[in-house]
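Since this is a predicted model, take the numbers as computed values, not measurements.
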Amino acid sequence: MKWTEEYRINVHDTDLNGIVSASGILRYMQDTSNLHMAGEGPSYESLFADGNSFILSRISLSIYAPLHAHDVIRSQTWAVASRGVTYNRCFRITRGEDIVAEATSVWALLDMHAHRIRRVGEIPVNYSEDEPLELDLPARFRVPAEAKLSLMGERTVLYADVDQNGHMNNTHYPDIFCSYLPGIEHSRVLSCVFSFVKEAPLGATVKMYCGEYDGAYYVRSVLPDGSVNAEAEILLERIR
């Protein structure tokens, strides 16, 4: 069974082209998942109060059509059968009868006090499950050597980037990564696949690397100690 919420697109979620960015899409999706958790329990807030937090590991997002200010959308989410230490969740956004965006994601449940990942079933959850989506996107990817990543700049994680976990919120990454892509001001995101490796805490300065290969852009953010923060494969469509 899918959990469904209705939204009217806020004009402040649109970019310079008047469309909702990839980060904006993720925020609507994940707001729906937070409401799903609150509705069926345990809520994100109750888990957090007990020292636990869901941390995004991987997400694959396809955007089939642009969303504009004041569009009315229905956002759906549902849990998928999970095992081991990975929790699977899917998302879908529709406008009228049309599917606008879909995503699959993999999460880990972190015990913040013990600094360990909890196994599925260790904390009972009641989130409704349904069948997994089959997207034409890789669940995992490797940055190809042919992409020849080059340093594009540095960015410090600031107050506006972080959530109550104290590190950059995952919904900020698509817009931040896209900011380093050539021609992004004339394009929209068709799809993006993100792999989150290590958290970027408040105050950290990350180096941003970017390259292109076979029609796709690859972006990597690197923490001050040289470890990878996150990587992405992004496909763009020129719109003007």
Side-chain angles (χ1 to χ4, degrees), residues 5-33 56 58-77 89-105 133-141 143-144 147 149-150 152-153 155 160-161 168-196 208-221 230-240:
E5 296 288 338
E6 185 172 284
Y7 300 88
R8 182 180 296 274
I9 297 296
N10 189 312
V11 66
H12 301 292
D13 290 329
T14 61
D15 65 9
L16 79 171
N17 293 304
I19 64 175
V20 179
S21 66
S23 281
I25 295 285
L26 286 188
R27 282 192 283 271
Y28 284 107
M29 288 178 167
Q30 291 190 32
D31 186 64
T32 306
S33 68
L56 184 59
R58 300 190 305 275
I59 190 163
S60 300
L61 169 67
S62 284
I63 305 174
Y64 308 124
L67 287 172
H68 302 93
H70 311 308
D71 282 350
V72 175
I73 62 171
R74 291 168 64 84
S75 179
Q76 295 182 315
T77 188
R89 177 173 285 274
C90 293
F91 305 89
R92 175 180 288 142
I93 290 178
T94 58
R95 178 179 50 201
E97 299 299 318
D98 298 325
I99 298 175
V100 174
E102 293 179 313
T104 61
S105 61
L133 285 171
E134 298 293 337
L135 300 184
D136 189 23
L137 289 174
R140 299 176 182 268
F141 72 96
V143 176
L149 300 186
S150 59
M152 302 297 289
R155 191 181 192 283
D161 299 318
M168 190 185 298
N169 185 273
N170 70 78
T171 65
H172 288 220
Y173 280 83
D175 283 0
I176 290 172
F177 276 33
C178 284
S179 296
Y180 293 91
L181 302 184
I184 185 62
E185 65 272 16
H186 304 297
S187 307
R188 76 174 186 92
V189 174
L190 286 177
S191 68
C192 55
V193 182
F194 273 82
S195 174
F196 298 95
M208 304 297 301
Y209 295 84
C210 179
E212 183 181 6
Y213 176 68
D214 197 25
Y217 289 102
Y218 294 89
V219 186
R220 174 184 293 150
S221 53
E231 295 180 326
E233 177 187 87
I234 303 172
L235 294 179
L236 300 180
E237 176 185 59
R238 190 172 181 87
I239 56 177
R240 62 181 176 89

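Annotation: the span from Phe141 atom CZ to Arg58 atom CZ amounts to 10.5 Å, rounded to 0.5 Å. Note that CD of Glu5 is 10.5 Å distant from CD of Gln76, once rounded to the nearest 0.5 Å. In this structure, Ser179 OG and Glu185 CD are separated by 10.5 Å, a value rounded to the nearest 0.5 Å. Within the model, atoms CD1 of Ile19 and CD1 of Ile63 stand 8.0 Å from one another, a figure rounded to the nearest 0.5 Å. Distance check, rounded to the nearest 0.5 Å: CD of Gln30 to CG of Asn170 gives 4.0 Å. The CD1 atom of Ile234 sits 11.5 Å away from the CD atom of Glu212 when rounded to the nearest 0.5 Å.
Under a 3.5 Å cut-off, the side chain of Ser191 and the backbone N or O of Ser60 do not form any donor-acceptor pair. A donor-acceptor pair under 3.5 Å is absent between the side-chain atoms of Ser75 and the main chain of Thr32, judged by distance alone. A donor-acceptor distance shorter than 3.5 angstrom exists from the side chain of Ser23 to the backbone of Thr171, with no hydrogens or angles considered. Side-chain atoms of Arg8 come within 3.5 Å of backbone atoms of His70 as a donor-acceptor pair (strictly under, hydrogens ignored). Side-chain atoms of Thr94 do not come within 3.5 Å of backbone N or O of Ile99 as any donor-acceptor pair.
Considering all non-hydrogen atoms of both residues, Phe91 and Ser105 come closest at CE1-OG, 3.4 Å. Listed here is the closest heavy atom pair of Thr104 and Cys90: CG2-SG, 4.0 Å. Heavy-atom minimum distance, Tyr218 versus Ala147: CD1-CB, 3.9 Å. Between Leu235 and Gly215, the shortest heavy-atom contact is CD2-O, 3.5 Å.
Residues Asp136 and Ser62 have side chains not in contact (no heavy-atom distance under 4.5 Å, counting atoms from C-beta outward). Residues Ile59 and Phe196 are in side-chain contact: their nearest non-hydrogen atoms beyond the backbone lie under 4.5 Å apart. By the 4.5 Å heavy-atom criterion applied to side chains, Ile176 and Arg155 are counted as neighbours. Between Arg188 and Asn17 the shortest side-chain heavy-atom distance does not fall below 4.5 Å. Side-chain atoms of Leu67 and Tyr28, non-hydrogen and from C-beta on, never get closer than 4.5 Å to each other. Inter-residue side-chain proximity for Pro174 and Val189 is flagged as unmet; no heavy-atom pair is nearer than 4.5 Å. In this structure, the side chains of Val143 and Leu149 come closer than 4.5 Å at one or more pairs of heavy atoms.
Partner Ser21 forms a side chain to side chain donor-acceptor pair (under 3.5 Å) with one of Asp175, Asp13, Asp15 and no other, that one being Asp175.
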**Message:** Before you tell me yes or no, could you show the steps for Met29 and Ile93 under side chain to side chain contact (heavy atoms under 4.5 Å, CB included), namely the whole-Å CA-CA distance, both residues' side-chain angles and the distance that decides it to 0.1 Å?
**Reply:** CA-CA 8 Å; Met29 288 178 167; Ile93 290 178; 3.9 Å; yes
**Request:** May I have the step-by-step check of side chain to side chain contact (heavy atoms under 4.5 Å, CB included) for Leu61 and Ile25, ending in yes or no?
**Result:** CA-CA 9 Å; Leu61 169 67; Ile25 295 285; 4.0 Å; yes
**Message:** Between His68 and Thr14, does the side chain to side chain contact (heavy atoms under 4.5 Å, CB included) criterion hold? Intermediate values first, please.
**Reply:** CA-CA 7 Å; His68 302 93; Thr14 61; 5.7 Å; no
**Request:** Carefully, step by step, assess Leu181 and Cys210 under the rule side chain to side chain contact (heavy atoms under 4.5 Å, CB included).
**Result:** CA-CA 7 Å; Leu181 302 184; Cys210 179; 3.5 Å; yes
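Between Tyr173 and Phe194, the two ring planes are perpendicular [angle over 60°; tilted spans 30° to 60°].
Screening residues 91-105 for salt bridge (charged side-chain N to carboxylate O under 4.0 Å, His left out), with sequence neighbours left out, gives Asp71-Arg95, Arg92-Glu102.
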